[in-house]
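Side chains included, hydrogens not; waters and symmetry mates left out as well; all remaining heavy atoms used. Order of the sequence lines sets the chain letters (A, B, ...), proteins ahead of strands, with each chain counted from 1.
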Protein chains: 2
Amino acid sequence: MIFSSKAEYGVRLMVELGRQTPTQPTSLKAIAEAERLPLAYLEQVVARLKRAGLVMSARGAHGGYWLSRPADQITMDEVVQALEGAIAPMECFLSDTTERVLCSHPGTGVEEHRHCATKLLWMRVQGGIARSLQTTTLAELVEFSRRESVVPGREPAVVPGREPVVPAV
Amino acid sequence: MIFSSKAEYGVRLMVELGRQTPTQPTSLKAIAEAERLPLAYLEQVVARLKRAGLVMSARGAHGGYWLSRPADQITMDEVVQALEGAIAPMECFLSDTTERVLCSHPGTGVEEHRHCATKLLWMRVQGGIARSLQTTTLAELVEFSRRESVVPGREPAVVPGREPVVPAV
DNA sequence: TCGAAATCCTACCAACGCGGTTGGTTAATC
DNA sequence: GATTAACCAACCGCGTTGGTAGGATTTCGA
């Protein structure tokens, strides 16, 4: 599994917030019940979203959460990044903003100076993921969730302007 | 981290095999030393590749492994799939070859019939990953590893009709 | 014919992250 | 002042990960 349940829950939470009128806050309890998710765990999830500035909150009675921006100005890579941290296919991608190629194993002093072929592969994978996340907005997901599921069997039309997904969406 | 070390080790192993002349087998020991990886663990990794039919082997002295096909006829999604199993961003994508949308939580009898918005997102992510893996061949990685480290260069030949990669591979 | 080199096979294990739970404290509303 | 809700900090069982251990089997060269 590529993403943990934090991402799943967090995205659902964001969609739920996007479905609400932004004028009044929505309580976590309401969301937990609607999505049948454990409230206490959702608290930890939403904390990440708040730290990332994606949602705002009000405490006390009738408090709750709401989106800090309109849903069409929130791309899903922001959301997923807030929930999962940096999206990296492999370890050597993390604190490695420099172009250094040092995928050899530590310990031995000898540095591997051959081209790290796997890095090319993981770069492409990362690019593929990033692209799909950046080109999807929260508003799209909200709109998708609003459509009545007339027939559960067939997937509805992909959002116009998007390329068709390869494995038959 | 999206992929485990099995994928990293296995891809390296395949690249290493791709660098050899295919006429004679390469022993795991040689690969383990070249890549500084634990031999006993590599055995488990290569077993997956063999089960998937990507490599062949000969036992006994002077035995070893070799690619079962030319490297330009091996796409990396085959390799990664053999190593990691099915590539799924989220659990509900696994034994779900049918078009059913049932991302609700089990337990309660009530089925969630609202459109599962997260599924749309994970579909796109999966598509992005699949595309990047399918359009990369082992031969490319081998060729890349042969190049002296000049400039990582430009991403070659994205599938026609696709837009260019966003984060600058 | 023997030993070395290699694949092949099964079991075991420590450590870590995941998916929560528990139990509170603080702040706002009625 | 009671209720509602966000906020906070531990804690914890469990499964997966990344190996190791130890052997069995096959093949080749001397």
Side-chain angles (χ1 to χ4, degrees), chain A residues 1-13 17 20 24-52 54-66 68 83-86 88-91 94 105-107, chain B residues 1-13 17 20 24-33 35-52 54-66 68 83-86 88-92 94 105-107:
Chain A
M1 235 51 52
I2 289 174
F3 296 119
S4 72
S5 74
K6 275 192 185 57
E8 174 77 19
Y9 294 179
V11 171
R12 285 205 211 173
L13 197 156
L17 289 184
Q20 309 299 322
Q24 55 188 6
T26 307
S27 74
L28 264 199
K29 191 183 172 196
I31 293 176
E33 283 170 357
E35 298 280 345
R36 297 196 205 94
L37 301 176
L39 172 61
Y41 190 45
L42 266 192
E43 287 184 357
Q44 296 177 41
V45 171
V46 80
R48 293 171 179 247
L49 296 169
K50 185 172 184 197
R51 252 176 271 139
L54 292 169
V55 304
M56 305 182 74
S57 64
R59 304 178 67 161
H62 303 106
Y65 296 89
W66 62 93
S68 62
L83 294 163
E84 295 279 340
M90 209 47 87
E91 276 192 61
L94 283 185
H105 285 267
Chain B
M1 236 50 54
I2 289 175
F3 297 119
S4 72
S5 73
K6 275 192 185 59
E8 174 76 20
Y9 294 179
V11 171
R12 286 205 212 172
L13 197 155
L17 290 185
Q20 308 299 322
Q24 54 188 6
T26 306
S27 75
L28 264 199
K29 192 184 172 197
I31 294 176
E33 283 169 358
E35 298 280 345
R36 297 195 204 93
L37 301 176
L39 172 62
Y41 190 46
L42 266 192
E43 287 183 358
Q44 295 177 39
V45 171
V46 79
R48 292 171 180 246
L49 295 169
K50 186 174 184 195
R51 252 177 270 138
L54 291 169
V55 303
M56 304 181 75
S57 64
R59 304 179 67 164
H62 302 105
Y65 297 89
W66 62 92
S68 63
L83 294 164
E84 294 279 338
M90 209 45 89
E91 274 193 64
C92 51
L94 282 186
H105 284 266

* Structure fact -> Sorted by position of nearest nucleotide on DNA chain D, 5' first, the leading residue of B/A58 and A/K50 is A/K50
* Asked: Expressed in angstrom and rounded to an integer, what is the separation of B/L49 atom CG from C/dC8 atom P?
  -> 12 Å
* Asked: Any side-chain N or O of B/Y9 under 4.0 Å from OP1/OP2 of D/dG19?
  -> yes
* Asked: What's the CG-P distance between B/L39 and C/dC9, to the nearest Å?
  -> 16 Å
* How do A/G60 and A/K6 order along DNA chain C: which one's closest nucleotide is nearer the 5' end? -> A/K6
* Structure fact -> Separation of D/dG18 atom C1' from B/E8 atom CD, nearest Å, is 14 Å
* Within the structure, does a side-chain N or O atom of B/S5 lie under 4.0 Å from either OP1 or OP2 of D/dT17? -> no
* **Distance-only donor-acceptor test, B/Q44 side-chain atoms vs C/dT10 base atoms, 3.5 Å** => no
* Can you tell me the distance, in whole Å, between the CH2 atom of B/W66 and the P atom of C/dA6? => 14 Å
* Can you tell me how far the CG atom of B/L54 sits from the CG atom of B/L49, to the nearest 0.5 Å? -> 6.0 Å
* To do: Round to a whole Å and report the spacing from CD of B/E33 to C1' of C/dA5.
  => 13 Å
* **A/Y41 and A/S5, any side-chain heavy atoms less than 4.5 Å apart** => yes
* Nearest 0.5 Å, what's the CZ-CG distance between B/R48 and B/L83? -> 7.5 Å
* Taking atom CG of B/L42 and atom NZ of B/K29, what is their separation to the nearest 0.5 Å? -> 13.5 Å
* Once you round it to whole Å, what is the distance between C1' of C/dC8 and CZ of B/R51? -> 11 Å
* Going from CZ on B/F3 to CD on B/E84, what distance comes out if it is rounded to the nearest 0.5 angstrom? -> 6.5 Å
* Structure fact -> Of the candidates C/dA6, C/dG19, D/dG19, the side chain of A/Y41 sits closest to C/dG19
* Nearest to the side chain of A/A40 - C/dG20, C/dT22, C/dA6? -> C/dT22
* For C/dG17, take OP1 and OP2 only and decide whether either is under 4.0 Å from a side-chain N or O of A/S4. => no
* Provide, to the nearest angstrom, the distance between the OH atom belonging to A/Y65 and the P atom belonging to C/dA28. => 14 Å
* Asked: How is A/A47 classified with respect to the nucleic acid when contacts are heavy atoms under 4.0 Å: base, sugar-phosphate, or nothing?
  -> nothing
* Assign each of A/E43 and B/T26 to its nearest nucleotide of DNA chain C by heavy atoms, then name whichever residue's nucleotide is nearer the 5' end. => B/T26
* **Any N/O donor-acceptor pair, A/R59 side-chain to C/dT26 base, under 3.5 Å** => yes
* Value in whole Å for how far the C1' atom of C/dC8 lies from CG of B/L42 -> 14 Å
* Asked: With respect to the phosphate group of C/dA5, does any side-chain polar atom (N or O) of B/S27 fall under 4.0 Å of OP1 or OP2?
  -> no
